[in-house]
Amino acid sequence: MQDRQQIVEYLKSKFSYTHLIEFESKFDAILIKTTKEHILSAIKVLKKDSKLQFTTLIDIFGADFPERENRFEINYNFLSLKYNLRCIIKIECEADSVIPSIYEIFEGAIWFEREIYDMYGILFGNNPDLRRILTDYGFQGHPLRKDFPLTGYVEVRYDFETQKVVYEPVKLMQEFRNFDFLSPWEGTEYKIPGTLPGDEKAKN
């Protein structure tokens, strides 16, 4: 099964339930869209099926799309050394969803799942060590969520009097510019299409 289209057709025959399977030429990989209920069974097939052998977990990463009904997306990237082919599995979930951990299939997934939990707040059920991995102790919030403030909530400094690191509420030394939209991530709708703030000054 060296032909990629043959592998895609084989996957379609194996995943006949709620999956979208196609070859994505943009990423030079097979793309599978599924649900959290089927993620474990799908990954087991990818790894253990002798005709597939996606035995290497490259990474797992999250993405935040606030405008979607299911806000978060999780991408699992696998590599088949036998066929020199990549496979990407995508699932969508809500902020309060609990995603099945895949650490029993790929033990190294523990680290990736901890990072996604730390950055996005997505929980992975049955992960034996679901702690923050990049942020500091007692950190509040999840930095890669689009609604997380760019300045954070606290700032850290070393206090020479007490001789320890202290956390204090963020104090902005210079005010940010006041834009006419709520979030820079979501873009803006200008009153006059095709104009930018300040254009009216140039005309005057």
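All residue numbers refer to positions in the sequence shown, counting from 1. Note that this is a predicted model, so its numbers are computed, not measured. Hydrogens, waters and symmetry mates are skipped; everything else that's a heavy atom, side chains included, is used.
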Working to the nearest 0.5 Å, report the span between [atom1] of [X] and [atom2] of [Y].
X	Y	atom1	atom2	result
E92	T35	CD	OG1	11.0 Å
Q6	Y83	CD	OH	9.5 Å
H19	L31	NE2	CG	11.5 Å
I74	K36	CD1	NZ	10.0 Å
N75	K90	CG	NZ	5.0 Å

Below 4.0 angstrom, N of the basic side chain to O of the carboxylate: do [X] and [Y] qualify?
X	Y	result
K164	D159	no
E73	R68	yes
R71	D96	no

Is there a chain of hydrophobic side chains (I, L, V, M, F, W, Y, each step under 4.5 Å between heavy atoms) that links [X] to [Y]?
X	Y	answer
W111	M119	yes
F65	I116	no
L57	F27	no
L46	L79	no
I88	I60	no

Going by heavy atoms in the side chains, are [X] and [Y] under 4.5 Å from each other?
X	Y	value
I30	R4	no
I39	T34	yes
N70	C93	no
V154	P169	no
S97	I122	no
V170	Y153	no
L20	I32	no
K51	Y10	yes

Under 3.5 Å side-chain donor-acceptor pair for [X] and [Y]:
X	Y	result
S41	H38	no
D129	Y103	no
Q53	T55	no
S101	E113	yes

request  = Start with the C-alpha distance between F61 and Y76, add both sets of side-chain angles, then the distance that settles ring pair (Phe, Tyr, Trp, His ring centres under 6.0 Å), and finish with yes or no.
outcome  = CA-CA 7 Å; F61 65 90; Y76 301 80; 9.4 Å; no
Just by distance, do the side chain of [X] and the backbone of [Y] share a donor-acceptor pair under 3.5 Å?
X	Y	answer
S80	L85	no
R114	R132	yes
K146	D64	yes
D118	T135	yes

request  = Please lay out, stage by stage, how I43 and F106 fare under the test side chain to side chain contact (heavy atoms under 4.5 Å, CB included).
outcome  = CA-CA 9 Å; I43 291 177; F106 291 94; 3.7 Å; yes
Under 6.0 Å from the [atom1] atom of [X], do we count more than 12 heavy atoms belonging to anything else shown?
X	atom1	answer
E107	CD	no
K82	NZ	no
Q140	CD	no
Y158	OH	yes
D59	CG	yes

inquiry  = For I91 versus I99, what's the shortest heavy-atom pair and its separation?
reply    =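 Smallest heavy-atom distance, with atoms named: CD1-CG2, 3.8 Å.
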Non-hydrogen atoms of A29 and C87 that approach each other most closely =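 That would be CB-N, 4.4 Å.
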key: Working for side chain to side chain contact (heavy atoms under 4.5 Å, CB included), residues T56 and I58   = CA-CA 6 Å; T56 303; I58 301 298; 4.0 Å; yes
request  = Go through the steps to decide whether V156 and V166 satisfy the test side chain to side chain contact (heavy atoms under 4.5 Å, CB included), and finish with yes or no.
outcome  = CA-CA 6 Å; V156 182; V166 296; over 6 Å; no
ask   = Is the cationic atom of K47 (NZ for Lys, CZ for Arg) positioned less than 6.0 Å from the six-membered ring centroid of F78 and within 45 degrees of its normal?
value =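 The answer is no, since K47 fails at least one limit relative to F78.
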